[in-house]
Amino acid sequence: MGKFILRRLAVSIFILIAVSIIIFCATLLLPGSPATAILGQQATPERIAALEAEMNLDKPPLQRYFMWLGGIFTGDLGTSTSTGGPVTDLLGEPLANSLVLMVLAAVVAIPVGILVGIYAAWWRGTKRDQAITWVTLILAAMPEFVIGIALITLFATSVFKVLPAVTMSPPGSHVWEFPSQLILPTITLALVVSPYIARMTRATMVETLDSGYVEMARLKGVPERRVIFRHALPHAVGPIAQVVAIQLAWLAGGIVVVEYLFRYPGLGVALIDAVNYRDVQVVQAVSLLIAAVYVVVNLIADIVSITANPKLRS
């Protein structure tokens, strides 16, 4: 187990380095110059050249990449061109806000998805199972911004008007100090993630419930509820953990659209603003953070799968 984790960590570091190369090359393709975006179109060539020298934009791309990579390993993500301050200070609060939203969405979506999938597998072949299948299929096919707009229309504008449509926290306060502003973004993300978890849980549980050891437990007179939660569910944890990891990893990137829709002050809004202002250092830092979340979440899912399945441990 320890050797597997070490190997995966080594592969994860290699993947992050490869991703950093892709991110750096992609930022080079952004139209326009960051210096021109900061100083404006009326700036003189001398002022633009001076700012580019200050931002190290006059150096070769390969040298700039290694300077950026070295800063990552020392905890220095660079200087924001829009604020003039360190990127770490700029992204501190948005990162915390995004983590709060992701955790809330995961806390809601994972139990709901697993329980709905177990319920559908319990009543497989019935109208209840068919209804759950159709609802989860429809939700899985809908983009997150469509679900978000529907929830805003239903609960924030023309129907009930019981929740705020956008996040409007006073300056100097935290978003979690106003729980009502977190409800719609959390429900939106949960409705996007939970259908996939429910469908995978149902498929895995149906296969597990047909296995020999479950049939033996039933023949011994074990109650059906205990058969499901004590005998079937532990053997289905592996595939469920994988799909949960994929959905949690999606939250790291898909949260950008939801945050922009609700004007939630997280990494998504910070990334969009950084692209608009050609703040290359912020774009690179946010993109690398999202990639790191993908790698870490998938590593945890692999560890959970191996721990839950004795065959994989050998």
Side-chain angles (χ1 to χ4, degrees), residues 1-12 15 102-103 105-142 189-252 254 293-314:
M1 189 70 176
K3 293 181 180 179
F4 167 78
I5 295 175
L6 291 176
R7 286 198 302 268
R8 285 302 308 268
L9 285 174
V11 173
S12 300
I15 291 174
M102 289 176 58
V103 169
V107 168
V108 174
I110 294 175
V112 170
I114 293 176
L115 291 176
V116 170
I118 293 174
Y119 185 81
W122 195 348
W123 295 98
R124 55 177 173 172
T126 64
K127 292 183 178 181
R128 300 179 188 183
D129 179 28
Q130 295 175 0
I132 292 174
T133 300
W134 279 104
V135 171
T136 54
L137 181 61
I138 292 172
L139 289 175
M142 295 175 65
L189 291 172
L191 289 177
V192 174
V193 171
S194 55
Y196 296 95
I197 301 176
R199 292 176 65 84
M200 176 56 71
T201 302
R202 180 198 177 278
T204 307
M205 287 295 295
V206 167
E207 182 179 353
T208 306
L209 289 173
D210 290 336
S211 60
Y213 53 86
V214 171
E215 186 67 26
M216 180 62 66
R218 286 171 174 162
L219 291 175
K220 290 181 178 180
V222 178
E224 187 67 19
R225 187 182 301 274
R226 188 176 180 183
V227 168
I228 291 176
F229 289 98
R230 184 71 179 272
H231 297 274
L233 184 58
H235 292 82
V237 166
I240 295 174
Q242 293 292 333
V243 74
V244 167
I246 293 174
Q247 297 309 308
L248 292 181
W250 174 89
L251 282 177
V293 171
Y294 267 85
V295 172
V296 171
V297 168
N298 280 281
L299 176 61
I300 294 174
D302 288 340
I303 295 174
V304 171
S305 300
I306 292 177
T307 305
N309 194 337
K311 294 181 179 179
L312 295 179
R313 287 200 298 268
S314 61

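Throughout, numbering of the chain's residues begins at 1 and tracks the sequence.
For the atom pair CE of Met205 and CD1 of Ile240, the computed distance is 7.0 Å after rounding to the nearest 0.5 Å. One finds the CG atom of Leu115 at 9.0 Å from the OG1 atom of Thr201 (value rounded to the nearest 0.5 Å). The structure places OH of Tyr119 at 6.5 Å from CD1 of Ile132, a figure rounded to the nearest 0.5 Å. A distance of 10.0 Å separates OH in Tyr294 from CD1 in Ile246, rounded to the nearest 0.5 Å. Residue Ser194 holds its OG atom at 11.0 Å from CD1 of Ile114, rounded to the nearest 0.5 Å.
Residue pairs meeting the salt bridge (charged side-chain N to carboxylate O under 4.0 Å, His left out) criterion with at least one partner in residues 105-128, sequence neighbours excluded, are Arg124-Asp210. Sorted by first and then second residue, the salt bridge (charged side-chain N to carboxylate O under 4.0 Å, His left out) pairs involving residues 105-114 (not counting sequence neighbours) form an empty list.
With sequence neighbours left out, Ala140 forms a side chain to side chain contact (heavy atoms under 4.5 Å, CB included) with Pro195, Tyr196. Shown here are the side chain to side chain contact (heavy atoms under 4.5 Å, CB included) partners of Val193, two or more places apart in sequence or in another chain: Ala109, Ile197, Gln247, Trp250, Leu251. Under the side chain to side chain contact (heavy atoms under 4.5 Å, CB included) criterion, Ala198 pairs with Val116, Thr136, not counting sequence neighbours. In terms of the side chain to side chain contact (heavy atoms under 4.5 Å, CB included) criterion, residue partners of Thr133 (sequence neighbours excluded) are, by chain and number, Asp129, Arg199, Arg202.
You'll find the side chain of Val11 stays beyond 4.5 Å of the side chain of Arg7, heavy atoms only.
In terms of heavy-atom proximity, Ala217 sits nearest to Val227 at CB-CG2, 4.2 Å.
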